[in-house]
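We name chains A, B, ... by the order of the sequence lines, and we start the count at 1 in each one.
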Amino acid sequence: MRRDWANRAAMTDARINLHADFASVIDTALTALEAAGTLPAGLPRGAVTCEPPRDPSHGDLSTNAAMVLAKPAGTNPRALAALLVAELEKEPRVVSAEIAGPGFINLRLTDDAWRGELALIAQSAADYGRSQMGGGRVVNVEYVSANPTGPMHMGHCRGAVVGDALADLLAYAGHKVIKEYYVNDAGAQVDVLARSVHMRYLEALGQSIEIPEGLYPGDYLVPVGQALVEEFGDTYKEAPESDWLILFRTRAVAAMMDMIRADLATLGIRHDLFSSEAELQASGKVDAAEQYLRSHDLIYDGLLEAPKGKTLDDWEPVELPLFRSTKFGDDQDRPIKKSNGAWTYFGADLAYHFQKSQNADALVDIWGADHAGTVKRIKAAVAALTSAEGGTAKPFEVKLVQMVQLLRDGQPVKMSKRAGTFVTLSDVVDEVGKDVVRFTMLTRKPDAQMDFDFAKVVEASKDNPVFYVQYAHARICRNLKKGADEGFMPSAENLGLLGEEELALVKLAAQFPRTVEAAAVAREPHRIAFFLHDLASAFHSYYNLGNDRPEKRFIVAHDSALTAARLFLAAQIGQVVRNGLALLGVVAAEEL
RNA sequence: GCGCCCGUAGCUCAGCAGGAUAGAGCACCAGAUUCCUAAUCUGGGGGCCAUGGGUUCGAAUCCCGUCGGGCGCACCA
């Protein structure tokens, strides 16, 4: 009996997975046809795909090459398909190559090819699915960046989870990733924070206080006030604001960031880098960016146009330093400084992105949809800053995460930090757990709005799809343990005993690497979540075959060779589930 | 008025850079537990893919219009 899988496992030092491998098999076949003069040289291969057909009865792999290339090759799809089929049939792992429909070529691979993939999973283990696609390029992913004025609330949750999963996904796909958080500690809102903390400071000194309208009333500031009393006594009780504002602001921001870091930690999120807007401004980097852009005539002093679609009674045109974002497709040029001389948010943000771009090959920002209006100007700024002296602009994407509508029993929850009415992230995580929160946020694409009914999620957390996937993993672990207890160890010795139903599981698991790459390219981590659900579903189905057909169980006591092969299969499916869950930051528990 | 996002089963959502007969979960109906623990499985009903055009071998997917929903349109952050 041939043992192709073993040979392949031995010779594929590079550990090429089957899907990636066959994309190159098709490519090679086309090259051969071109070399033989059968096809014109230089056909555009960009649109050629190699993927499993939706309907598995069509075969293991399918390519559209004949349909896509027929026109440029000056022939018809089926004729081209016939040529390609003849070439592909030379590949030893191809059992059959058939032309179907308008010109699809469906490939059926030998069972040993799939057994080889199973062995590859075992060999690669935690690295099965890892890709070199990113080529080590440095990608900066900035996400969360919530204002340091209070604890994280559920409005921040989606961007936090999506950003974190995306960062991990890009890293897994071969990028060097920097996870960054931009701390907005320079605007008016942190002065409001400082004044709010001063009230709590007075309170801690025994005064009875009433938080005025416009300050943050949340009691999470109480301990900050108490800490300031412990450190400074009543020094700032009667002092004018100018004496304490900066000190209180600094202490308050630090306290808020500690709180935010703790909140993020409950979701398993840890940033590599926290960049302070205040420090950025103090370092002179904003001025430097302005000078740079001025020297390329991308910033000029001009009159700010009145906002469109809005009538402001007190609108007066003023001259401000403006960035020429219209040159890059924005609706109007944007001010980088206010009339009082302070930087606008945009002015500082522009310099911040310049700084990021100098330390990375590509930038990704995760923003809430409520900031969609500012995407054009910041993209314009990055394009200007990174290509003002020619060359192509640094790749920069803004990924918008749509709003999460928070509900409680179907009723919208109005969240306001100023009113102190918001659902905190840690409340929800405490209630339903990190895994449920992460998985819930990752089982939909980010650019559609979603409802998050707090009560419903708490109540239905046991029905959450995350448990479905985790249960599959736990089932696998339990069976491996049971097998070990009975003296059976997984082994690749007799994978030939695995038949069609078992190999169907392998075929699905084998799609993990290409799913990782596709998800990374599209910046869509949710694809991993759906893949895992599909894989878990296939596993559960297979597992239940054993209910009526004991010979289909993983452990078949009288057949140790079969049991060893089945347990090997189970172990590898578990490995893929584990790899996927790890990517999503969800625990792959061994028992539930 | 302008910009961005969305519209797929009763509900919540997938649909893999245009592919073959549009899928899953929940809910509903009917079944499977002396079993490798059923947090599971099997089967069933349920769709003008909002709508009208266009592009092509082929459109839920790309382009334009319309309708509907969301977000935004400060020198705020």
Side-chain angles (χ1 to χ4, degrees), chain A residues 46-47 49 51-55 58 62 64 67-68 70-71 76-77 100-104 106 147 149 184 186-190 277 304 306-310 312 315 318 320 330-332 334-340 342-349 368-376 400 402-403 405 443-451 453 456 460 462-465 467-468 470-472 474-475 478-479 482-483 486 511 514-515 518-519 521-522 524 526-527 529-531 533-534 536-537 539-548 550 552-557 563 566 570 591-592:
Chain A
T49 61
E51 50 191 28
R54 256 176 215 172
D55 184 345
H58 288 143
S62 177
N64 63 352
M67 290 182 290
V68 176
K71 192 177 263 185
N76 69 72
F104 288 102
N106 293 326
N147 283 338
T149 53
N184 300 133
Q189 83 281 1
V190 283
E277 181 185 1
L304 185 65
K308 291 172 179 158
K310 250 191 178 179
L312 296 179
W315 180 261
V318 279
L320 293 168
D330 199 0
D331 303 327
Q332 63 185 69
R334 305 292 177 175
I336 61 160
K337 274 185 184 171
K338 310 179 204 175
S339 48
N340 68 5
W343 296 106
T344 62
Y345 182 84
F346 172 63
D349 204 28
D370 50 343
H371 291 80
T374 62
V375 171
K376 274 185 183 171
L400 291 178
Q402 289 294 321
M403 299 286 100
Q405 155 122 310
T443 41
R444 50 258 298 159
K445 57 174 186 269
D447 44 10
Q449 295 154 235
M450 70 177 278
D451 290 346
D453 192 317
K456 230 173 178 174
K462 285 202 172 61
D463 293 330
N464 196 286
F467 293 113
Y468 185 82
Q470 287 178 317
Y471 183 50
R475 253 185 171 170
R478 187 197 306 137
N479 277 268
K482 185 176 165 63
E486 297 176 14
Q511 291 194 46
R514 63 183 290 273
T515 302
V521 168
E524 291 181 345
H526 74 274
R527 294 190 192 190
F530 281 93
F531 169 80
H533 193 271
D534 287 348
S537 173
F539 175 79
H540 286 309
S541 286
Y542 177 81
Y543 185 89
N544 274 273
L545 291 179
N547 287 343
D548 298 331
K552 275 292 165 189
R553 292 181 192 169
F554 283 95
I555 297 168
V556 183
T563 299
R566 291 255 176 91
E591 51 189 39
L592 292 186

Rounding to a whole Å, what distance do you find between [X]:[atom1] and [N]:[atom2]?
X: A:N547; N: B:rC41; atom1: CG; atom2: P; answer: 11 Å
X: A:N64; N: B:rA59; atom1: CG; atom2: C1'; answer: 15 Å
X: A:D349; N: B:rC75; atom1: CG; atom2: C1'; answer: 15 Å
X: A:Y542; N: B:rU40; atom1: OH; atom2: C1'; answer: 16 Å
X: A:F104; N: B:rU21; atom1: CZ; atom2: C1'; answer: 13 Å
X: A:D548; N: B:rA38; atom1: CG; atom2: P; answer: 12 Å
X: A:Y543; N: B:rC41; atom1: OH; atom2: P; answer: 12 Å
X: A:D331; N: B:rG72; atom1: CG; atom2: P; answer: 17 Å

query = Does A:E486 have any salt bridge (charged side-chain N to carboxylate O under 4.0 Å, His left out) partners at least two apart in sequence or in another chain, and if so, which?
reply = A:K482
May I ask you to verify if any side-chain N or O of [X] is less than 4.0 angstrom from the OP1 or OP2 atom of [N]?
X: A:S541; N: B:rU42; result: yes
X: A:R527; N: B:rC16; result: no
X: A:Y471; N: B:rA38; result: yes
X: A:Y468; N: B:rA38; result: no
X: A:R334; N: B:rA74; result: no
X: A:K376; N: B:rC2; result: no

Just call it for [X]: base, sugar-phosphate, or nothing, with non-hydrogen atoms closer than 4.0 Å on any strand.
X: A:A522; answer: nothing
X: A:T344; answer: sugar-phosphate
X: A:G101; answer: nothing

Side chain of [X]: nearest nucleotide among [options]?
X: A:R54; options: B:rA20, B:rU40, B:rC75; result: B:rA20
X: A:A518; options: B:rG19, B:rC16, B:rC76; result: B:rC16
X: A:L400; options: B:rA20, B:rC4, B:rA39; result: B:rC4
X: A:A369; options: B:rU56, B:rA77, B:rC71; result: B:rC71
X: A:Q402; options: B:rC71, B:rC5, B:rC75; result: B:rC5
X: A:H533; options: B:rC41, B:rA24, B:rG19; result: B:rA24
X: A:A100; options: B:rA20, B:rG19, B:rU40; result: B:rA20

request  = Sugar-phosphate atoms are those with a prime plus P, OP1 and OP2; base atoms are the rest. Using that split, label each nucleotide of nucleotides 8-14 of chain B B, S or - for protein heavy atoms under 4.0 Å, 5' to 3'.
outcome  = ----SSS
Gap in Å between the two [atom1] atoms, one belonging to [N] and one to [M], rounded:
N: B:rU55; M: B:rU42; atom1: P; answer: 44 Å
N: B:rG68; M: B:rG31; atom1: P; answer: 47 Å
N: B:rA59; M: B:rC48; atom1: C1'; answer: 15 Å
N: B:rU61; M: B:rG54; atom1: C1'; answer: 15 Å
N: B:rG7; M: B:rA50; atom1: C1'; answer: 6 Å
N: B:rG15; M: B:rG19; atom1: P; answer: 12 Å

Looking at every non-hydrogen atom in both residues, tell me the closest pair between [X] and [Y] and how far apart they are.
X: A:T563; Y: A:A557; answer: OG1-N, 4.5 Å
X: A:L304; Y: A:P335; answer: CD1-CD, 3.7 Å
X: A:R444; Y: A:F530; answer: N-CE1, 4.1 Å

message = What I want to check is whether an N or O donor and acceptor connect the side chain of A:S62 with the base of B:rA20 at under 3.5 Å.
response = yes
message = Between B:rA20 and A:N106, counting only base atoms on the nucleotide and side-chain atoms on the residue, is there a donor-acceptor pair under 3.5 Å?
response = yes
message = What does the 5'-to-3' dot-bracket notation of RNA chain B look like when only Watson-Crick and G-U wobble pairs under 3.5 Å count, and pairs to other strands show as |?
response = (((((((..((((.....[...)))).(((((.......))))).....(((((..]....))))))))))))....
key: Ring-base stacking, A:H540 with B:rA39 (5.5 Å, 30° cut-offs)   = no
Check: A:F104 ring centroid to A:H58 ring centroid under 6.0 Å = no
query = So, for A:Y542 and A:F554, is the gap between ring centers shorter than 6.0 Å?
reply = yes
message = Whether A:K445 and A:E524 form a salt bridge (side-chain N of Lys/Arg under 4.0 Å from carboxylate O of Asp/Glu) is what I want to check.
response = no
